[in-house]
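Numbered from 1 within each chain, the chains take letters A, B, ... in sequence-line order. Just so you know, these numbers use all the heavy atoms, side chains as well, and skip hydrogens, waters and symmetry mates. The structure presented is a predicted model; accordingly, all values stated were derived computationally and were not measured.
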Amino acid sequence: MIMDCRRARMVLWPADGLRVGDSQVEEALAHAEECSGCSEFLEEDRRVAQLIRDSVPRARAPRELRERLHTALARERARWARPDDATRRRLWPPAVLGLMVAGLAVGVTGHWLAEEGGNTPAATAFAEDYLRRVVEQEELRTSDRQEIASFFARELGMSTPPPIVPEFQVQRATICLINGRRGGVVEYQSEGRQVSYYLIPLEAGAVVRPSGVDARAIEAEVDGAGLWRARGLGVATWWDDEHQHALVGNMPTSELERLAPLFGCPRSRL
Amino acid sequence: MAQAFEELIGSFMDDLYSAAICFTLDEHLAEELLQEASIRAFHEFPRVQRRADLRHLMLALLVSTYLQRRRRQGHDPLAPDSGLYGEVEGTVPQQQVGQFPEHGTPRYRLLLNWAGHFWSQLDDGDRLVLWLADVERLRHRRVAEMTGLGVEEVRARHYRARRALGQGAARELGRRAYGGVEA
């Protein structure tokens, strides 16, 4: 399809939005770079969006409202709890039995997993997510670190700007799902090298594993209409008190081990 | 989640109250709306896993409570609207471009003051969509899920609201420039 002004504006509006990076977007961006009318249209749209956000009428919830709300919730909690007391008395023996069985199952599975692979399942999960993303996952294009921080704050409840790492430029950000946990992924590029940095918030109360960097190579044989090929992926994983981190890319593990502290250092996020 | 429900919603209270005032344009109605949505959220809370999910849930319940209340009163803010633009316009009003003052300048602050009042002049449905898309920065698909509108209608309403604000701002800047009220 020929990319004219009308089409380019439809594809690129809203100008400040994160969008799926596909060939249509690439064409529209290329058109807008060459077309002063479209550049102005998009620039004006960005300014209007900024004005909207800056002009938002903000109000503080009155103290009376907070107090009233606490009272209403306390009443609701009491009303909700009372009928349950009787129900709980009737149901607790089977419920406890069920919990014991479930606990036993989880314990046995956890023990089996620990025996079976240690950290390997986590590394494999990151490698699988990386490969899936390369060919099919939605990619959100922006190099604006603050925009990514807002995106993560909204989607993940963590207001963490992606780290600044010398020589690496931020390309995209998106959301991933690793072993049932949602996290953020930021893709970086440097002189033809690509690396994805994963940041997965841990649940409150989760047991934190040792924080040393574990780097390993994953040989992933991937098929799919000739699109995926066997490749040696490097995956480095480590933990801090609140997050699991991972770096994934076509790099030797020694290089990932060198880069991991640069991505993990809190000062790199300032 | 270890934190209590009350403690968690307390941290979003100002944001949600601001949203409720923007939807209703009335402090008293905003308080009622927030109270009703909070009680609904309290019952959903056991299913919530993370703090970000609770904020999203509270916002969704605030929107749904607002729409239910207005519909019960015989006014649907999101009633089908034949005046919607089908797509982003192919023309750009050239006279607006380049007139926006720089962020932080006195002229920008004057424009902010004007824009703060402009919110109340928007159509109820457009105002709701504008808040969700531009202030909450939800994607059109998420706004559509939250409001029950189609994605294309969300996009059209969002575009109309932004365009109205952009054109109004340009008029305001022109009025100030020609009326000699420059700061």
Smallest heavy-atom separation, Ala59(A) atom then Ser18(B) atom, equals N-OG, 2.9 Å

Of all heavy-atom pairs linking Ala115(B) and Leu51(A), the shortest is CB-CG, 4.2 Å

Honestly, the part of His140(B) sitting under 4.5 Å from a heavy atom of chain A is side chain

ask   = Passes side-chain contact (heavy atoms from CB on, under 4.5 Å), Glu31(B) versus Glu64(A)? Steps please.
value = CA-CA 10 Å; Glu31(B) 290 184 16; Glu64(A) 297 76 20; over 6 Å; no

Electrostatic pair Asp45(A)-Arg162(B), nearest N-O below 4.0 angstrom:
yes

_Is it the case that the side chain of Ser55(A) and the backbone of Leu112(B) share a donor-acceptor pair, with hydrogens and angles ignored and the cut-off at 3.5 Å?_
no

**OP:** Using the side-chain contact (heavy atoms from CB on, under 4.5 Å) rule, take Tyr159(B) and Met10(A) through it: C-alpha gap first, then chi angles, then the decisive distance, then the call.
**Re:** CA-CA 11 Å; Tyr159(B) 178 67; Met10(A) 281 185 67; over 6 Å; no

message = Do Leu69(A) and Glu6(B) have side chains that approach each other closer than 4.5 Å (heavy atoms only, starting at C-beta)?
response = no

### Task
Apply side-chain contact (heavy atoms from CB on, under 4.5 Å) to the pair His158(B) and Trp13(A), showing each step before the final yes or no.
CA-CA 10 Å; His158(B) 185 198; Trp13(A) 190 89; 3.6 Å; yes

- prompt: Do side-chain atoms of Arg155(B) reach the backbone of Pro14(A) as a donor and acceptor pair under 3.5 angstrom?
  reply: no

Next on the checklist: Check whether Arg53(A) reaches the backbone of Asp134(B) with its side chain - one donor and one acceptor, N or O, closer than 3.5 Å.
Outcome noted: yes

Would you call Arg66(A) and Asp14(B) a salt bridge, using N to O less than 4.0 angstrom? yes

Closest non-hydrogen atoms of Ile39(B) and Ala72(A), given as atom of the first, atom of the second and distance, are CD1-CB, 4.0 Å

